Amino acid sequence: MTTGAALSVRELSKSFGAPKRALESVRLELAPGEMVALIGASGSGKSTLLRHVAGFVEGDRGSGAVRVGERVMQDDGRIAREIRALRADVGFVFQQFNLVGRLTVMTNVLMGQLPRIPAWRSLLGRFTHEEKAEAWRAMRSVGIENLAWQRASNLSGGQQQRVAIARALVQRARLILADEPIASLDPESARNVMEILARINREQGITVLVSLHQVQFARRYCPRTVALRLGEVVYDGPSADLDAGMLRGLYGAAVEEMLDGTETIDAVMNDPVVAEGLARAPATA
Amino acid sequence: MTAAAPTPIPVPPGALTPPGAGKRTLAQALAWAGFALVLAWAWKGADIRPLDLARDSGNMAQFLKEFFPPDFREWRSYLREMIVTVHIAIWGTVLAIGCAVPFGLLSSSNIVPIWVYQPVRRLMDCCRAINEMVFAMLFIVAVGLGPFAGVMALWVHTTGTLAKLFSEAVEAIDPRPVEGVRATGASALEEIFYGVIPQVLPLWISYSLYRFESNVRSASVVGMVGAGGIGVILYEVIRGFEYAQTCAVMLIIITFVSSIDLVSARVRKLFI
């Protein structure tokens, strides 16, 4: 059943011992070059789903295959034996950036090269001129080339997230999974990071699956949205068709979190000018 | 709204004492009583004779007088042996660091599975449980009298201590950067080199320097069983009742150990 999809998830279920399953027979298919938002309230299974795709967690027995391109990451609740090598094809951007704070930005970005270079060179930290040049170009494309020799921990949240994206670019990943990449950022940095993800999707054709808990960002940057509720896919379609009323129907009271707590969200959702203004506004509400 | 002072909210009875306070006082009293019993029990075994201190104070004053003035006539040989002592400490520590890095990682529960870290930890316990002096006596049998036996003794014992300290640092790391490295498709070893070691390196350096300080102290006594260094001289002068010379040797040890402590403490501060 491989139809040249960038990502395909078949009947993936996961229970962490609780009676209610964290993922409930999730099916998902992304065509190459798509930019898809994964929305849902806290605890709806967004992170869990992304972590299954990257092979950090295994699904329950009886789950179907998770494929990235032609490669099977896990099947029937068993992670592929060569998962470490397979992860090279998948860039992962974390909510907390997950950089190594004491190392330089350059070294953090160069880590994207690790699967491609011989072990003796990687363990001695010896990267060639060409490898460093590739890292520099990736940094430049996200606008952090001037920070190359700073310690990653000295950077602001938005800058650190761009380092993480540069690392995924150096991996030459064809699929980037972004797990709440803007949840820890101020609105300006959040917009900037989303713009970068949209741009690499547009210009380099990299497939992006980004989990968000604010619907306005999904509508603004992603043509397609997949909505999860209690581990189940409850909507999969054009982001434009998602309106506040529909979300209320899907999520009930939990919807306020996703609508940014704004009471007049209907007006915001229906007015693109207002939505844009909200996205650009500083963190005062 | 005028000058009427606001009525203070009445405090319910018992709100200002923690629940179960009485029980805690009793438990504390019992704990102190138990401690006193242990002290009394150990009095006999340890042969504590405080009155002897008073009775023999004259002898002790006489004994102390013999230490002064210190006799530095042989200072060249003292200094030479003290430097050998530092050499023993340097090699004992460096070899131990080399072994403690892999053993420390192998005894960290967040790096290796339980069937690896449990046996490795027990092995490190063995290295640590036996004092350097005991190892020194054993290694003298194996490699003969002299500093090399001292190096071996410090090496084994320090490996046990540092491996434990190193693994505790590893177990306290932030797992998120490691997951970040893992996400790039890195191998397990690359994950450790790029995700774990950068996080623990400052602590590792600090622990190593601290162990070097204590090894200079330990190296000055392993000589007493024949494992080289200033301890050999110390043993000879004490056995020969040469208290003025003993004093000189002790002053040299104190000077060296304190200055190494001072310098190393300064250097350690740079890494934390």
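Small disclaimer: the values here were computed from a predicted structure and weren't measured. Each chain gets a letter, A, B and so on, in the order the sequences are listed, and its residues count up from 1. For the numbers below, each heavy atom of this structure counts, side chains included, while hydrogens, waters and symmetry mates do not.
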Counting only non-hydrogen atoms closer than 4.5 Å, can you tell me which residues of [range] sit against chain B?
range	value
residues 48-61 of chain A	A:Arg51, A:Phe56
residues 123-155 of chain A	A:Leu123, A:Gly125, A:Phe127
residues 92-100 of chain A	A:Phe92, A:Phe94, A:Gln96, A:Asn98, A:Leu99, A:Val100

Is it the case that the side chain of [X] and the backbone of [Y] share a donor-acceptor pair, with hydrogens and angles ignored and the cut-off at 3.5 Å?
X	Y	result
A:Gln113	A:Leu110	no
B:Ser206	B:Pro202	no
A:Thr207	A:Pro32	no
A:Gln171	A:Val90	yes
A:Asn201	A:Ile206	yes
A:Asp89	A:Leu175	no
A:Lys46	A:Leu228	no
A:Ser122	A:Leu114	no

Open item on the list: Under 4.0 Å between a side-chain nitrogen and a carboxylate oxygen: does that hold for B:Lys164 and B:Glu168?
Closed with: yes
Open item on the list: Less than 4.0 angstrom from a charged side-chain N to a carboxylate O is my criterion; do B:Glu171 and B:Arg121 meet it?
Closed with: yes
Hey, is [atom1] on [X] packed in by over 12 heavy atoms from elsewhere, all under 6.0 Å?
X	atom1	result
A:Arg81	CZ	no
B:Arg217	CZ	yes
B:Tyr207	OH	yes
B:Trp91	CH2	no

Open item on the list: Are the side chains of B:Val225 and B:Phe135 in contact, using a 4.5 Å heavy-atom criterion?
Closed with: no
Task: Portion of A:Arg84 that has a non-hydrogen atom of chain B nearer than 4.5 angstrom - done: both
Open item on the list: For the CG atom of A:Leu28 and the CG atom of A:Leu12, what is their distance to the nearest 0.5 Å?
Closed with: 10.0 Å
Open item on the list: So, taking the atom named CG in A:Asp179 and the one named OG in A:Ser47, what distance separates them when rounded to the nearest 0.5 Å?
Closed with: 3.5 Å
Task: Part of residues 172-182 of chain B lying next to chain A, heavy-atom separation under 4.5 Å - done: B:Arg176, B:Pro177, B:Glu179, B:Gly180, B:Val181, B:Arg182
- [ ] Give, as side chain, backbone, both or neither, the part of B:Tyr194 having an atom under 4.5 angstrom from any heavy atom of chain A.
- [x] both
